Amino acid sequence: GENVEQHPSTLSVQEGDSAVIKCTYSDSASNYFPWYKQELGKGPQLIIDIRSNVGEKKDQRIAVTLNKTAKHFSLHITETQPEDSAVYFCAATQYNNNDMRFGAGTRLTVKP
Amino acid sequence: EPEVTQTPSHQVTQMGQEVILRCVPISNHLYFYWYRQILGQKVEFLVSFYNNEISEKSEIFDDQFSVERPDGSNFTLKIRSTKLEDSAMYFCASSERAFRRETQYFGPGTRLLVL
């Protein structure tokens with residue numbers, strides 16, 4: 001089955017700097033890769049996703065890149081703000097598949 | 001913006017007791033899911049539900065677990081005889097329609113503590 005690895009487990013950046021979180025997956029059949037942000041006391045919130053027919057996707061300060069050959073995908077946050085502080089999870093699954101596999105999470109801290 | 005809601009936010013129970021965790025998915029969504037997250041570990045898939053039946057379940061989802069959609073709005077997870085290792089955060093999620101069902105929206109979770 002699919003196995004998703006996520007690094008780093010913790011990341012601390014200064015406000016205004018960029019943050020990058022990386023994930024690898026094992027199942028070449030996976031073709032959908034969402035990223036979730038989890039704030040304290042809340043459930044995971046979908047922030048961006050990418051499908052395997054796309055190499056990069058951007059939404060304002062957030063971008064995700066996908067390298068299917070290497071089986072890795074990354075989340076990029078530019079111009080970080082304190083409210084970006086949260087735990088970020090990557091995940092991988094297949095279209096029309098219910099079993100989404102999550103990474104272990106990255107705790108991002110943005111220092112003012 | 002519509003969101004998935006879950007009740008209760010916290011539940012404490014004695015080992016061996018039955019618990020029911022409740023979820024109200026987003027109203028026009030057709031696919032429903034339960035996940036759990038043991039403290040410090042990954043979010044794990046438990047079960048998915050569509051058209052009033054389980055469509056997929058993981059190896060975690062054994063005979064102690066069951067799901068139900070008792071009416072048009074609620075989706076429940078029942079644990080018949082709780083064990084200490086069932087202590088975790090349980091998340092409900094829903095997705096809209098067949099060709100986008102991988103896009104899942106999560107509720108805030110229920111923290112279950114089994115003593």
Side-chain angles (χ1 to χ4, degrees), chain A residues 1-10 21-27 29-54 57 59 64 66 73 86-107, chain B residues 1-7 9-10 21 23-26 29-51 53-61 67 89-111:
Chain A
E2 175 65 273
N3 183 48
V4 178
E5 299 291 336
Q6 183 172 346
H7 300 279
S9 56
T10 60
I21 302 170
K22 299 182 179 182
C23 288
T24 61
Y25 61 100
S26 61
D27 188 351
S30 291
N31 50 22
Y32 175 71
F33 308 93
W35 284 89
Y36 288 86
K37 175 184 180 182
Q38 186 177 23
E39 295 175 284
L40 197 62
K42 297 183 179 180
Q45 299 298 308
L46 180 69
I47 56 171
I48 196 168
D49 56 17
I50 191 167
R51 288 175 167 78
S52 60
N53 57 344
V54 174
K57 183 176 178 180
D59 182 5
V64 57
L66 171 65
F73 56 113
V87 178
Y88 290 81
F89 293 97
C90 63
T93 189
Q94 299 175 36
Y95 294 166
N96 294 326
N97 191 335
N98 304 297
D99 186 359
M100 191 178 312
R101 299 298 175 104
F102 283 79
T106 296
R107 181 173 299 280
Chain B
E1 186 173 327
E3 57 184 22
V4 177
T5 59
Q6 289 184 243
T7 54
S9 57
H10 295 78
L21 310 182
C23 168
V24 179
I26 294 172
H29 284 193
L30 302 176
Y31 295 85
F32 315 114
Y33 313 85
W34 283 101
Y35 290 81
R36 79 172 185 192
Q37 185 180 27
I38 296 171
L39 191 63
Q41 298 186 22
K42 293 183 178 184
V43 176
E44 301 172 291
F45 169 78
L46 292 178
V47 66
S48 62
F49 191 87
Y50 169 70
N51 199 26
E53 60 182 16
I54 291 173
S55 51
E56 191 168 347
K57 59 183 180 179
S58 72
E59 60 275 10
I60 302 168
F61 194 87
V67 290
M89 194 76 162
Y90 288 81
F91 294 108
C92 172
S94 68
S95 59
E96 186 174 0
R97 54 190 186 270
F99 62 93
R100 289 294 289 248
R101 64 169 143 148
E102 66 275 7
T103 305
Q104 299 176 20
Y105 297 88
F106 282 71
T110 293
R111 184 171 296 282

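Scope of the values below: all heavy atoms of this structure, side chains included, with no hydrogens, waters or symmetry mates. What you are looking at is a predicted structure, and each value in this text was computed from that prediction instead of being measured.
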Identify the heavy atoms of Phe91(B) and Gly43(A) that sit nearest to each other, and give their distance.
-> CE2-CA, 3.5 Å
Could you have a look at Tyr105(B), Tyr50(B), Phe106(B) and say which one has the most heavy-atom pairs with chain A under 4.5 angstrom?
-> Phe106(B)
When every non-hydrogen atom of Gln37(B) is compared with those of Phe89(A), the smallest separation belongs to NE2-CZ, 3.3 Å
Which residues satisfy the ring-ring contact (aromatic ring centres under 6.0 Å, His included) test with Tyr90(B), sequence neighbours excluded?
-> none
Non-hydrogen atoms of Pro44(A) and Gly107(B) that approach each other most closely | CD-O, 4.3 Å
Begin from the C-alpha positions of Met100(A) and Tyr33(B) and carry the test side chain to side chain contact (heavy atoms under 4.5 Å, CB included) through to its verdict.
-> CA-CA 10 Å; Met100(A) 191 178 312; Tyr33(B) 313 85; over 6 Å; no
With Glu44(B) via salt bridge (charged side-chain N to carboxylate O under 4.0 Å, His left out) - residues at least two apart = Arg36(B)
Lys42(B) NZ: over 12 foreign heavy atoms closer than 6.0 Å = yes
What part of Gln38(A) lies closer than 4.5 angstrom to a heavy atom of chain B: side chain, backbone, both or neither?
-> side chain
